[in-house]
Structures are given as C-alpha cells and as structure tokens.
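Here is the structure we will look at, set down as structure tokens.
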Amino acid sequence: MTTGERRRTDARPRAFEEVLARIEERIAADGLTVGDRLPGERQLAEQLGVGRSSVREALRVLETLGVVASQAGRGPDAGAVLTSRPGDALTDLLRLHLGLATLSMREVIDTRLMIEQWAAARAAAAPAPAATARMAEAIAAMDAARGPAEFVEHDIAFHLALAEAADNRLIVAVVRALRDALRRYAVDAVVRLGDTGGLQDDHRRIHRAIEDGDAGAAAAAVAEHLARAYPESGPDS
C-alpha cells in the first residue's frame, strides 16, 4: 500500500465519524425526539459543510443501527425520521457474533451475570412496586407455561422486569438484546434441564430478596440462577 493510499484509508473513517458526531450534535441542539424528522440529505450536507455522499453514508449506518428510518419524499417530507429501535440492531449483532462463534457463550453469560447482579442489587436498594409486580406475574406465567418456548418467553419478561427495576434504560436495552440473542440457547437449556422447578426457585429467591431490600442476597441468587441454567459456561468449562 502506498503512502497516499494509506492516508486515504486512514482519513475516511475519521471524516465519517465526524459526520456522525455532527449529526448527533444537531439532534441534541435541535431538541429532536423519537418521531421527529432530520433535515434532508442536501440540507444536512450544507449545514455540516460536507459532501452529500458522506451524509448519505452516515445516515445509512444510523439506519442500520435502528436510530433513524429513511423516508422517501420531497420538501417537508424529505429526510430520515428518528426511531427508537437501537436495541434491535444490538440483538442482531449479538446473534450474528454468537452464530459465527466470535463470542463464546461464556463471554455472553459472564456479561449477563455482571449486568443482572448489578441490576438486582440496585433494585433491592429501592424496590419499585410496578417492576416487582411484573416479576411476580412472570413467575406465575412460567408456572403455567405449556412448554419450553413459552417458559422462556415469560423468563425473558422476568429478567426484563428485573432490569427495569434498576431504573436504567441502557441496562434494559442491553438485557433485552442479550436475552433475545440467547433465546434459542435458553430454550435448549430448559429442554436439557427438563424440570424447571430449580429455575423457578431461583426466580422466587431473586424476587423475594429484591422485595426485602437485600442487595447481597439478590445478587447471589442471580449468580446461582445463571450457574444452574448454563452450567457449561462456568469458570471451569
């Protein structure tokens, strides 16, 4: 590679990242929220002082990430619309990495462990009645589940309610993405265990510890629960 080629290769990501950063600044400066429309491609290029191709590429990435949705149109109907789907892109990315084995199950479960232990301890520090009520509803629904897939659907609802109880939207988005990406593995785990009684005992211990305000017990119960569900992903595997 020549020096000129190397310089062009290095410059492209920097210029592209600058466009993304400046679009983000415009979103914040204009007070835009979900459902609002960004200026059209030409107008954005003029405002940012960059080429339309750079704006087009930046918008394409934002659309892939679920931050904006492109809309065809002219005049006031032109421009991308801000959406609230970034978790969808994160789910797809995690699922792809799992499928390609670039992320191991142990790495994913370790991440869940860190996040959900923190969430359980945080929730126990200030229990939110609405979230703990949803956890209880999910436990009852798992008791009535008619098969592994249905059990996992309500299990996901339980863990999302746990994340919501921590009152951190980013944690909720990450937990949702991790659980959606692990859905197939979770069903396999339930099939392998056969009896979900132990998992339900774990859920009840987590729920009870949070309601009792016992952060240590809540975090410990999360660790025991994940070790039971995914024993092959433990530290000695």
Side-chain angles (χ1 to χ4, degrees), residues 33-35 66 83-91 94-95 108-231 233:
T33 61
V34 172
T83 68
S84 57
R85 301 184 303 103
D88 294 349
L90 183 55
T91 297
L94 286 169
R95 188 183 297 116
V108 176
I109 298 304
D110 282 349
T111 302
R112 272 195 64 189
L113 177 62
M114 289 185 291
I115 290 174
E116 293 194 35
Q117 280 191 302
W118 178 89
R122 175 72 175 267
T132 55
R134 286 194 295 274
M135 292 170 69
E137 291 171 2
I139 291 172
M142 281 184 276
D143 282 336
R146 291 167 293 183
E150 185 177 342
F151 181 91
V152 168
E153 287 298 321
H154 299 302
D155 178 62
I156 290 173
F158 174 88
H159 287 274
L160 285 177
L162 167 60
E164 290 166 357
D167 195 25
N168 185 303
R169 289 177 296 173
L170 181 57
I171 291 296
V172 173
V174 173
V175 169
R176 177 178 288 110
L178 286 169
R179 290 310 315 266
D180 284 350
L182 284 171
R183 188 183 300 265
R184 176 170 61 85
Y185 300 93
V187 172
D188 290 344
V190 171
V191 171
R192 184 181 62 251
L193 286 171
D195 181 5
T196 58
L199 297 178
Q200 285 291 73
D201 288 343
D202 294 340
H203 289 141
R204 290 187 173 90
R205 277 196 293 272
I206 295 169
H207 180 251
R208 185 165 54 251
I210 290 174
E211 286 200 315
D212 291 343
D214 192 334
V222 168
E224 292 169 7
H225 175 58
L226 290 180
R228 186 192 308 276
Y230 302 100
S233 300

How long is the span from the [atom1] atom in [X] to the [atom2] atom in [Y], to the nearest 0.5 Å?
| X | Y | atom1 | atom2 | result |
| --- | --- | --- | --- | --- |
| Asp188 | Tyr230 | CG | OH | 9.0 Å |
| Leu178 | Arg176 | CG | CZ | 11.5 Å |
| His203 | Arg205 | NE2 | CZ | 10.5 Å |
| Asp202 | Glu224 | CG | CD | 6.5 Å |

*So does Asp143 have more than 12 non-hydrogen atoms from other groups sitting under 6.0 Å from CG?*
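Yes.
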
Examine distances only and state if a side-chain atom of [X] and a backbone atom of [Y] form a donor-acceptor pair shorter than 3.5 Å.
| X | Y | value |
| --- | --- | --- |
| Glu211 | Pro127 | no |
| His207 | Thr132 | yes |
| Arg183 | Glu153 | no |

Is the closest side-chain heavy-atom distance between [X] and [Y] below 4.5 Å?
| X | Y | answer |
| --- | --- | --- |
| Thr196 | Asp155 | no |
| Arg122 | Ile171 | no |
| Met142 | Leu199 | no |
| Phe158 | Ile206 | yes |
| Arg112 | Leu226 | yes |

Please name the pair of heavy atoms, one in [X] and one in [Y], separated by the smallest distance, quoted to 0.1 Å.
| X | Y | value |
| --- | --- | --- |
| Ala120 | Ile210 | O-CG1, 3.9 Å |
| Ala166 | Trp118 | CB-CZ3, 3.9 Å |
| Glu150 | Ala144 | OE2-O, 4.3 Å |
| Ala220 | Gln117 | N-NE2, 4.4 Å |
| Ala229 | Ala189 | O-CB, 3.5 Å |
| Val187 | Pro148 | CG1-CB, 4.1 Å |

*Is the His159 to His225 ring centre distance short of 6.0 Å?*
yes

